[in-house]
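Lettering of chains follows the sequences in order, A, B, ..., and the numbering in each one begins at 1.
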2 protein chains.
Amino acid sequence: MAAMTQLDLSERSAGRAAQLADAGANHKLGRKRDLTRDPAILDAALEVLAETGYDGMTIDMVAARAKAGKATLYRRWPSKAELVFDAIACMKQGEIDFAQLPDTGTLRGDLVAMIKPPSIKDGEKKLRIMAGLVSMLAKHPDLAEAANTAIVEPRAKVNRLLMRRAMERGEISPDCDIETLALVTPSMVSYRVLILRKPINREYLISLIDSVILPACGLAQTRT
Amino acid sequence: MAAMTQLDLSERSAGRAAQLADAGANHKLGRKRDLTRDPAILDAALEVLAETGYDGMTIDMVAARAKAGKATLYRRWPSKAELVFDAIACMKQGEIDFAQLPDTGTLRGDLVAMIKPPSIKDGEKKLRIMAGLVSMLAKHPDLAEAANTAIVEPRAKVNRLLMRRAMERGEISPDCDIETLALVTPSMVSYRVLILRKPINREYLISLIDSVILPACGLAQTRT
DNA sequence: TATATACGGTACTGTTGAGTTTCGGATATA
DNA sequence: TATATCCGAAACTCAACAGTACCGTATATA
């Protein structure tokens, strides 16, 4: 096979994510596969990915981080590319619980209530992971889609929901372009972290809400 | 020397950008260095960078693209890392001429007048270059600063200037957060190109102006 | 025209890292 | 307890690529 410096998922196998469903079916003799190693390895892959990026990441680094043998990784994934793909696809950390979103009665209250230190920290880690993948997204739509689903879409979804609710109760005009406005914060936060290399903190997020989002929704700035 | 998969600019030399000033001083015998090769090589480096990213880019690719020998590149730059750094630092393509910015009398008119197909195309190429560098910016502040100066800051500067002018003539409120608002378009365009992998066109840019920027400045949406 | 030197091209070296193989030890099943 | 097999570790192969060395040619200067 030719050079594979970059990811090649053109003929991907089922993927670990899909295989998580079928548990047993292996009734021979001897020892079963240790299923507890999978998440440890995938977590290690995400950590290394965040620290070094895809190209800087080596299989040995991931194996060492997970205290696993390199052969163990290759017994489970056919290549580095597939390992990374599954690591992204299986990323469930920091998932937002849509059942208990804030409901303060005002859009500003809801948006501000979404700002929590653990959420910020989780977001920054996800963006560092994304930074290591950006250069590959162009050539691998599969990966781009998985990264979107796991990293960026959840945040946008929350904003869309909170804004739609504000629109339904008449707080903001029905002319507001929710689709676009829901991406303002994710976009500007990504830009700030990935390109400007500046930190994300509560002050910055609040300034985005008060200087951009709310005014764009036709709400006057009501700072405390 | 140890591994250098990634850029190491800890003890960079003067850099080609700084050397552009002194022309002659070489009065020996024989042939002088062919100065016309430099821009060709740097342009080739930018092209390859945009297509493959830093790690995917090889010196042979750049040499072939510039129709130059590999040795010629190493006669001018001590390493791949320095070549890339200078390619970014010397990037002057698509520089905005601040002397003749649009002045239509309204902020919307000025912002819309900035939308031109060549400008869009140039912006997308610059962002593709940026995509290939993102994973390195974290570890190399020098490069991050050069990339900012060459790629993102010029756009933000124009927006700041147009908005400041609108503020001075009383079109928008003095409370507007120009620093933040000037980054809305660059951020959202970057996000759309780098992460969402969607194209930039006139419609999208106008929707950003009408749905986000102008409302956030307190101006009612006045679509045609 | 004569000469020194920069050029493009190619062959080389050394290192890095993906993926494979091997092996002794651990462990769940029988 | 016996055994099949999965584990971690380490040694291995092989290809790619950064960087170097060298060669015949082109060309600007003297």
Side-chain angles (χ1 to χ4, degrees), chain A residues 1-9 13 23-41 44-45 48-49 52-85 87 132 136, chain B residues 1-9 13 16 23-41 44-45 48-49 52-85 87 136:
Chain A
M1 182 177 281
M4 248 257 302
T5 315
Q6 299 259 327
L7 187 63
D8 181 6
L9 294 170
S13 61
N26 208 8
H27 291 302
K28 291 277 179 64
L29 201 61
R31 190 186 174 191
K32 275 185 199 161
R33 173 186 250 162
D34 184 354
L35 295 179
T36 68
R37 306 304 295 132
D38 274 51
I41 294 168
V48 176
L49 210 50
T52 69
Y54 180 84
D55 293 288
M57 156 182 164
T58 71
I59 295 291
D60 294 88
M61 285 183 200
V62 178
R65 184 76 58 109
K67 294 193 212 316
K70 188 156 59 156
T72 302
L73 273 69
Y74 279 102
R75 256 175 238 127
R76 288 146 193 264
W77 292 274
S79 70
K80 173 181 170 181
E82 299 252 11
L83 168 63
V84 169
F85 185 93
M136 324 197 52
Chain B
M1 181 178 280
M4 246 259 301
T5 315
Q6 299 260 324
L7 187 64
D8 182 5
L9 294 170
S13 61
R16 188 110 330 237
N26 208 10
H27 291 302
K28 291 278 178 66
L29 200 60
R31 187 188 176 188
K32 274 184 198 161
R33 173 186 255 167
D34 183 354
L35 295 179
T36 68
R37 304 306 294 132
D38 274 51
I41 294 168
V48 176
L49 209 51
T52 70
Y54 180 85
D55 294 286
M57 157 182 162
T58 71
I59 295 292
D60 294 86
M61 286 183 200
V62 178
R65 183 76 57 112
K67 295 191 212 314
K70 188 155 62 156
T72 303
L73 272 68
Y74 279 101
R75 260 175 234 123
R76 288 147 194 264
W77 292 275
S79 70
K80 173 182 171 180
E82 299 253 9
L83 168 62
V84 168
F85 185 93
M136 323 196 54

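B:Ile59 and B:Tyr74 make their closest contact through CG1-OH, 3.4 Å (heavy atoms, listed as atom of the first residue, atom of the second, distance).
Straight-line distance from the CG atom of A:Asp55 to the P atom of D:dA18: 12 Å, rounded to whole Å. Across the protein-nucleic acid pair, A:Leu73 atom CG and D:dC7 atom P stand 11 Å apart, rounded to whole Å. Atom OH in A:Tyr54 sits roughly 8 Å away from atom P in C:dA18 (whole-Å rounding). Here D:dG8 presents its C1' atom at 18 Å from CZ of A:Arg65, a figure rounded to the nearest Å. Here the C1' atom of nucleotide D:dC6 and the CD1 atom of A:Ile41 are 12 Å apart, to the nearest Å. Atom CG of B:Leu83 is separated from atom C1' of D:dG19 by 13 Å (rounded to the nearest Å). Rounded to an integer number of Å, the gap from NZ of A:Lys80 to C1' of C:dT20 is 17 Å. When rounded to the nearest whole Å, the span between CH2 of B:Trp77 and P of D:dG19 equals 14 Å.
Close to D:dG8, at under 4.0 Å from its OP1 or OP2, lies a side-chain N or O of A:Thr72. Put simply, B:Arg37 has a side-chain N or O that comes within less than 4.0 Å of OP1 or OP2 on C:dG8.
Expressed to the nearest 0.5 Å, how far CG of A:Leu73 lies from NZ of A:Lys80 amounts to 12.0 Å. Summarising the geometry, atom CZ belonging to A:Arg76 is positioned 7.5 Å from atom CZ belonging to A:Arg37; distances are rounded to the nearest 0.5 Å.
Annotation: side chain of B:Thr72 is not in contact with side chain of B:Asp34 (no heavy-atom distance under 4.5 Å). In this structure, B:Thr58 and B:Thr52 have side chains that are not in contact, with every pair of non-hydrogen atoms separated by 4.5 Å or more.
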Return a table of donor-acceptor pairs under 3.5 angstrom between the side chains of residues 60-70 of chain B and protein atoms on other chains or two or more places apart.
residue: B:Arg65; atom: NH1; partner: B:Glu47; partner atom: OE1; Å: 2.8
residue: B:Arg65; atom: NH1; partner: B:Glu51; partner atom: OE2; Å: 3.1
residue: B:Arg65; atom: NH2; partner: B:Glu51; partner atom: OE1; Å: 2.9

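The side chain of A:Ser79 sits closest to C:dG19 out of C:dG19, C:dG17, D:dG19.
Residues B:Lys67 and A:Met61 each lie close to DNA chain C; by heavy-atom proximity, the contact nearer the 5' end of the strand is made by B:Lys67.
Among the heavy atoms of the strands lying under 4.0 Å from B:Met57 are primed sugar atoms or P, OP1, OP2 only; no base atom is included.
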- Query: If the sugar-phosphate is the primed atoms plus P, OP1 and OP2 and the base is the rest, what is the B/S/- string for nucleotides 21-28 of chain D, using protein heavy atoms under 4.0 Å?
  - Reply: B----B-B

- Task: Tell me, with the steps shown, if B:Met57 and B:Val84 meet side-chain contact (heavy atoms from CB on, under 4.5 Å).
- Result: CA-CA 10 Å; B:Met57 157 182 162; B:Val84 168; 3.6 Å; yes

